[in-house]
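Below is one structure, written out as structure tokens, with a few remarks after it.
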Number of protein chains: 2
Amino acid sequence: MSVADRKAREKEALKMLILKGAKKLFIEKGIEQTTIRNIADEIDYSVGTVYVYFKDKNAILHDLHSIGFQELGGYFKDLFKIEDPMERLRKMGFVYIKFAIENSEMYDLMFNLKAPIEFLTNCDNEDWDEGVTTFGALKETVNQCMQKGHFEGNSLEALSFMIWSLVHGMCCLEIRQRTKGVKFTNPDTILYDGYNEFLKIIDKM
Amino acid sequence: MSVADRKAREKEALKMLILKGAKKLFIEKGIEQTTIRNIADEIDYSVGTVYVYFKDKNAILHDLHSIGFQELGGYFKDLFKIEDPMERLRKMGFVYIKFAIENSEMYDLMFNLKAPIEFLTNCDNEDWDEGVTTFGALKETVNQCMQKGHFEGNSLEALSFMIWSLVHGMCCLEIRQRTKGVKFTNPDTILYDGYNEFLKIIDKM
DNA sequence: TTTTATTTTTGAACAACGTTCATTTTTTTG
DNA sequence: CAAAAAAATGAACGTTGTTCAAAAATAAAA
């Protein structure tokens, strides 16, 4: 175990410490309200150190967005034990909404904020791996549904995108407070109510 | 026609000039990339003047968001000539998507950015009038569809919210570049393709 | 151990941001 | 034309993300 190895481990540890501190503050007071100085203070390092470990704020936001996808993976884990693809599809939507509600700041970062995609663009990285993988999981389930005879006449890719958009749209409107202003009869359950309307419709498909 | 009247008119005119300049820059280089100094330069006034006519940046963004809803109203106008509510509902989705694509920066401001809602909250204004009205137009059309026997067993409010979310979600994913990273077979038409999948499904309802 | 070399950390400094407000300029009134 | 009122100004403030020469800490060499 060489010195270089230990240094590498320490470097990784400090990087994680920064991300952990950043995540804590993001959840506590919002991403936009959190400054690099806040993060440095939180972990008792100077601003300069943060910039040794991350190119810029976008780099922190991107890495945290990736952590968010790992966490979403945790929420999704049990889904793949469900044999019936239609049942899995139904539950997947509920789990997705649950994740968005329980981790709204992270959800916003993963699916709405420009920073993570800007970071990829700056790195000349064309692909949004986390998005591709997650959308792939949905598409695979929809595909199995179609092979069982559901959604006849539909296109796999476009239909999957529509379903993703449906749940994402609800979460987005909620997180960006567009549901608050509209004043629904049952504001606390409108996301699940809305999704249930979709389930009612596809039950007949 | 008193002096006070003319002053009031001039005041309104300058307010509009500021909004016009702001909108131009927002569309040209994005909302986040546009500063108050840029807006002041654009219309050949000083920064201080902008702050005489608007409390803060959120106030400008809120007023511009309202103008966006007027413009959306222009897109919607012809829809209400359509007698058949199902046909109107179908077209409404297309028009909504068209507006979002052709006015992405305005759409983002209207339905995604925090500023307009923050402004309302700061003014102790509970209602998001523009949102209530627009959602009302959708709800009314869905209601007419239900009265013609469509969407049996569905709830008006929740179903309308689901439809709104569906189109909003697609627009949002597109504008925030989440469709770009996923690399669809037909990226240029994926919004319309996705919406068409929904139409295929409700055609049977 | 002591000295030298390397790595890590630091925080003052910079440009740009939204915002404020005493001052100046312009317009209206008497 | 002078006084009063209204409108416009831009320097200045606090905060932001970011940089970088200097300092501190650690590793390697003597």
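In the text below, chain A, chain B and the rest are named by the order of the sequence lines, each starting its count at 1. These figures come from a predicted structure and were not determined experimentally.
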For the student: nearest non-hydrogen atoms of Gly93(B) and Tyr195(B), plus distance
CA-OH, 3.3 Å
Using residues 35-43 of chain A as the side-chain source, report each donor-acceptor pair under 3.5 Å to any protein atom, sequence neighbours left out, with the distance given to one decimal.
| from | atom 1 | to | atom 2 | distance (Å) |
| --- | --- | --- | --- | --- |
| Thr35(A) | OG1 | Arg37(A) | N | 3.4 |
| Thr35(A) | OG1 | Asn38(A) | N | 3.0 |
| Thr35(A) | OG1 | Asn38(A) | OD1 | 3.1 |
| Asn38(A) | OD1 | Lys29(A) | NZ | 3.1 |
| Asn38(A) | OD1 | Thr35(A) | N | 3.0 |
| Glu42(A) | OE2 | Lys24(A) | NZ | 3.0 |

To the nearest angstrom, how far is Ile18(A) atom CD1 from dT8(C) atom C1'?
12 Å
Expected string for nucleotides 12-21 of chain D under the B/S/- scheme (protein heavy atoms, under 4.0 Å, primed atoms plus P, OP1, OP2 as sugar-phosphate) is B---BBBB--
The criterion is salt bridge (Lys or Arg N to Asp or Glu O under 4.0 Å); which residues satisfy it with Lys77(A), sequence neighbours excluded?
none
Quickly work out the Glu10(A) CD to dT8(C) C1' distance and round it to whole Å.
10 Å
Interatomic distance where CD1 belongs to Ile60(B) and C1' belongs to dG18(C) [whole Å]:
10 Å
Under 4.0 Å, heavy atoms only, any strand: does Leu14(B) hit a base, just the sugar-phosphate, or nothing?
sugar-phosphate
Exactly one candidate in Glu28(A), Glu71(A), Glu105(A) meets salt bridge (Lys or Arg N to Asp or Glu O under 4.0 Å) with Lys23(A); the answer is Glu71(A)
Is the shortest side-chain N to carboxylate O distance from Glu10(A) to Lys7(A) below 4.0 Å?
no
Considering every strand and a 4.0 Å limit on heavy-atom distances, what is the contact class for Lys11(B): base, sugar-phosphate, or nothing?
nothing
Using a cut-off of 4.0 Å on non-hydrogen atoms, how would the nucleic acid contact of Tyr53(A) be classed: base, sugar-phosphate, or nothing?
sugar-phosphate
Return the value, rounded to whole Å, for the distance between atom CD1 of Ile31(B) and atom C1' of dC17(C).
17 Å
Derivation and outcome, salt bridge (Lys or Arg N to Asp or Glu O under 4.0 Å), residues Lys81(A) and Asp78(A)
CA-CA 6 Å; Lys81(A) 298 174 187 164; Asp78(A) 289 343; 3.1 Å; yes
